[in-house]
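Notes to accompany the following structure.
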2 protein chains.
Amino acid sequence: METNIKVPKTRNGKATFQLIVDTTIDLFYKQGYFNTKITDITNAAGIAAGTFYLYFPNKLSLYKYILMEFQHDIRKQIAVQVATVEGRFNKERIGIKTFVHYALQNPHAYNIIWESLYIDKQLFIDYYDGFAKRYERGLKQSIIDGEMHDVDTELVSYILMGVANFVGLKILLDLGHHNEDPDAIVDQVMEIIKTGIFK
Amino acid sequence: METNIKVPKTRNGKATFQLIVDTTIDLFYKQGYFNTKITDITNAAGIAAGTFYLYFPNKLSLYKYILMEFQHDIRKQIAVQVATVEGRFNKERIGIKTFVHYALQNPHAYNIIWESLYIDKQLFIDYYDGFAKRYERGLKQSIIDGEMHDVDTELVSYILMGVANFVGLKILLDLGHHNEDPDAIVDQVMEIIKTGIFK
DNA sequence: TCACAACATGAATACTTATTCAGTATTATA
DNA sequence: TATAATACTGAATAAGTATTCATGTTGTGA
């Protein structure tokens with residue numbers, strides 16, 4: 001499959017390219033990838049059908065572009081926030097908090113990333129595997145520094161991703177219908193993780 | 001939308017109905033809901049295109065049927081396994097273990113349930129909301145019995161679902177590529193949840 | 001202001017797929 | 001074994017959609 005994106009060269013071209021991307025993010029979020037037709041995108045963007053193909057050979061290549069943009073954004077935000085924080089527990093707390101904030105401010109991102117499992121399984125695997133590996137690095141250092149118990153870092157990274165994702169999901173979809181301040185929820189979650197759940 | 005399924009009345013009818021369901025589960029798992037066409041189903045099942053419409057008015061109604069079957073199975077299995085176990089911590093351990101076992105024995109179920117988020121968001125919400133509410137009931141009792149700290153039961157139920165789902169996911173997709181015995185992994189997870197992660 | 005590259009259009013084409021339905025076969029049972 | 005109920009067929013119809021391309025427009029550097 002053709003995967004190459006044509007990069008626009010002028011101010012106008014860049015604007016159209018970005019308009020397609022932004023419109024598509026909105027539609028992918030609202031209707032899902034498979035329910036979004038090329039004509040839906042071009043109609044919503046107010047451009048001709050053919051204009052889409054000036055920049056993207058097909059819908060999948062556009063999806064991959066969007067996914068990579070999100071991945072880049074989210075990792076960068078977490079890295080920036082975490083960098084200024086001391087101690088592994090606080091780093092995790094801020095990391096999860098940043099993740100949840102990102103999910104709240106970009107609800108489409110959350111949704112679109114998960115859909116990769118049904119669009120191309122390998123995309124999904126690469127995404128979470130990559131995330132977990134970055135996580136592990138930090139966790140290993142914390143064990144060396146004596147801030148954490150000597151746990152299986154790979155497993156813990158999946159546990160923390162699972163917690164972040166489901167708590168993010170709960171807040172996003174408002175499951176349970178009584179969500180308070182996201183930060184407060186994250187603090188509670190971290191307290192539970194720290195103390196353990198059972199007596 | 002027409003949602004009613006026509007129930008077969010004879011032995012042959014029941015067999016065809018079940019053949020359609022089983023074939024579809026396989027295809028939904030391998031190709032996803034949206035990439036699976038009615039003709040894919042009838043071809044794979046070796047029946048005529050029209051036969052599909054004898055039992056299901058459309059693909060969505062078949063999906064909903066399958067989702068409810070899974071939901072029923074999984075809850076029943078967990079309930080059965082948990083019933084014979086003493087103590088909340090052990091109940092949770094066996095519950096998650098049963099969940100992970102179910103995911104391993106029915107990898108399609110796992111996949112198909114999650115896809116509901118992209119097929120009909122409300123299906124997804126109902127599914128996990130229902131699951132969480134059942135979870136909460138048990139957790140509340142455990143707090144009364146003094147087996148658990150006085151935590152936010154709703155939040156903890158989402159945490160436990162997140163952990164179970166991501167650990168299940170890791171095992172299923174073999175993320176990280178070094179999965180041991182699922183039971184051993186679950187035991188590790190429960191130890192971490194019990195003790196807490198940080199010093 | 002000319003020339004040319006980049007950008008944009010949208011009707012036309014070529015598929016793909018859902019769904020129907022008139023006809024045929026099978027099965028149960030009276 | 002007649003007959004009614006149920007099950008099954010698959011060609012035909014009807015829609016919907018991706019993608020192309022001949023043509024037109026815009027912006028910019030020489």
Side-chain angles (χ1 to χ4, degrees), chain A residues 1-66 115 118-120, chain B residues 1-66 115 118-120:
Chain A
M1 187 205 64
E2 179 69 59
T3 56
N4 280 336
I5 287 170
K6 176 100 68 51
V7 175
K9 304 189 172 180
T10 69
R11 179 189 298 274
N12 277 351
K14 281 187 219 296
T16 302
F17 181 97
Q18 199 54 46
L19 178 63
I20 291 172
V21 170
D22 292 341
T23 305
T24 303
I25 288 173
D26 187 52
L27 289 175
F28 279 176
Y29 172 57
K30 291 201 288 211
Q31 322 181 340
Y33 174 85
F34 293 104
N35 290 322
T36 301
K37 312 304 173 190
I38 305 290
T39 50
D40 292 340
I41 296 170
T42 54
N43 285 341
I47 59 178
T51 304
F52 178 90
Y53 296 93
L54 249 41
Y55 302 106
F56 303 95
N58 49 49
K59 197 168 61 162
L60 182 58
S61 66
L62 172 52
Y63 177 82
K64 287 182 179 174
Y65 176 84
I66 290 171
E115 196 171 12
Y118 303 101
I119 295 166
D120 181 342
Chain B
M1 187 206 67
E2 179 69 59
T3 56
N4 279 337
I5 288 170
K6 174 101 67 52
V7 175
K9 304 191 172 179
T10 69
R11 179 188 299 274
N12 277 351
K14 281 188 218 295
T16 303
F17 181 97
Q18 200 54 46
L19 177 62
I20 291 172
V21 170
D22 292 341
T23 305
T24 303
I25 288 174
D26 187 52
L27 289 175
F28 279 176
Y29 172 57
K30 289 201 289 210
Q31 322 182 340
Y33 175 84
F34 292 104
N35 290 322
T36 301
K37 313 304 171 189
I38 306 291
T39 49
D40 291 340
I41 296 170
T42 53
N43 285 341
I47 59 177
T51 303
F52 179 90
Y53 296 93
L54 248 42
Y55 302 105
F56 304 95
N58 49 48
K59 197 168 60 162
L60 183 57
S61 66
L62 172 51
Y63 177 83
K64 287 182 178 173
Y65 176 83
I66 290 171
E115 197 171 12
Y118 303 100
I119 296 167
D120 181 341

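We name chains A, B, ... by the order of the sequence lines, and we start the count at 1 in each one.
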Requested in this report: Could you work out which one of C:dT9, C:dC7, C:dA8 sits closest to the side chain of A:T16?
Outcome: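 Looking only at side-chain atoms, A:T16 lies closest to C:dA8.
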
[X] near the nucleic acid: base, sugar-phosphate alone, or nothing, with a heavy-atom cut-off under 4.0 Å?
| X | value |
| --- | --- |
| B:T51 | base |
| B:I38 | sugar-phosphate |
| A:F56 | nothing |
| B:G50 | base |

Donor-acceptor under 3.5 Å ([X] side chain, [Y] main chain):
| X | Y | answer |
| --- | --- | --- |
| B:D26 | B:Y29 | no |
| A:E115 | B:Y118 | no |
| A:N58 | A:S61 | yes |
| A:N43 | A:T39 | yes |

Whole-Å distance between [N] [atom2] and [X] [atom1]?
| X | N | atom1 | atom2 | value |
| --- | --- | --- | --- | --- |
| B:N35 | C:dT17 | CG | C1' | 13 Å |
| A:Y53 | C:dG10 | OH | P | 16 Å |
| B:F52 | C:dT20 | CZ | P | 11 Å |
| B:K9 | C:dA28 | NZ | C1' | 13 Å |
| B:K37 | C:dT16 | NZ | P | 12 Å |
| A:K6 | C:dA5 | NZ | P | 14 Å |
| B:Y55 | C:dT19 | OH | C1' | 17 Å |
| A:K14 | C:dA8 | NZ | P | 12 Å |

Query raised in the report: Taking A:T23 as the fixed residue, which of A:V21, A:L27, A:I20 is the one that meets the side chain to side chain contact (heavy atoms under 4.5 Å, CB included) rule?
Result: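 With A:T23 as partner, A:V21, A:L27, A:I20 yield a single side chain to side chain contact (heavy atoms under 4.5 Å, CB included), made by A:L27.
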
Query raised in the report: Is it true that B:Y65 and B:F17 have ring centroids separated by less than 6.0 Å?
Result: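 Distance test on ring centres: under 6.0 Å, yes.
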
Requested in this report: Nearest-nucleotide wise, let me know which of B:A49 and B:R11 is further upstream toward the 5' end of DNA chain C.
Outcome: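 Here B:A49 is the residue nearer the 5' end.
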
Query raised in the report: A:T10 side chain N/O closer than 4.0 Å to the phosphate oxygens (OP1, OP2) of C:dA6?
Result: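 So the side chain of A:T10 is outside the cut-off, no N or O lying under 4.0 Å from OP1 or OP2 of C:dA6.
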
Query raised in the report: Reading DNA chain D 5' to 3', which nucleotide is the first, and which the last, to come under 4.0 Å of any heavy atom in chain B?
Result: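 Extent of the interface on DNA chain D: D:dT6 to D:dG10.
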
Query raised in the report: Are side-chain heavy atoms of B:F34 and A:N35 found at a separation under 4.5 Å?
Result: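 They are in contact (side-chain heavy atoms under 4.5 Å apart), so the answer is yes.
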
**Report entry** Residue met sooner reading DNA chain D from 5', once A:N12 and B:I47 are mapped to nucleotides
**Finding:**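 Nearer the 5' end of the strand: B:I47.
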
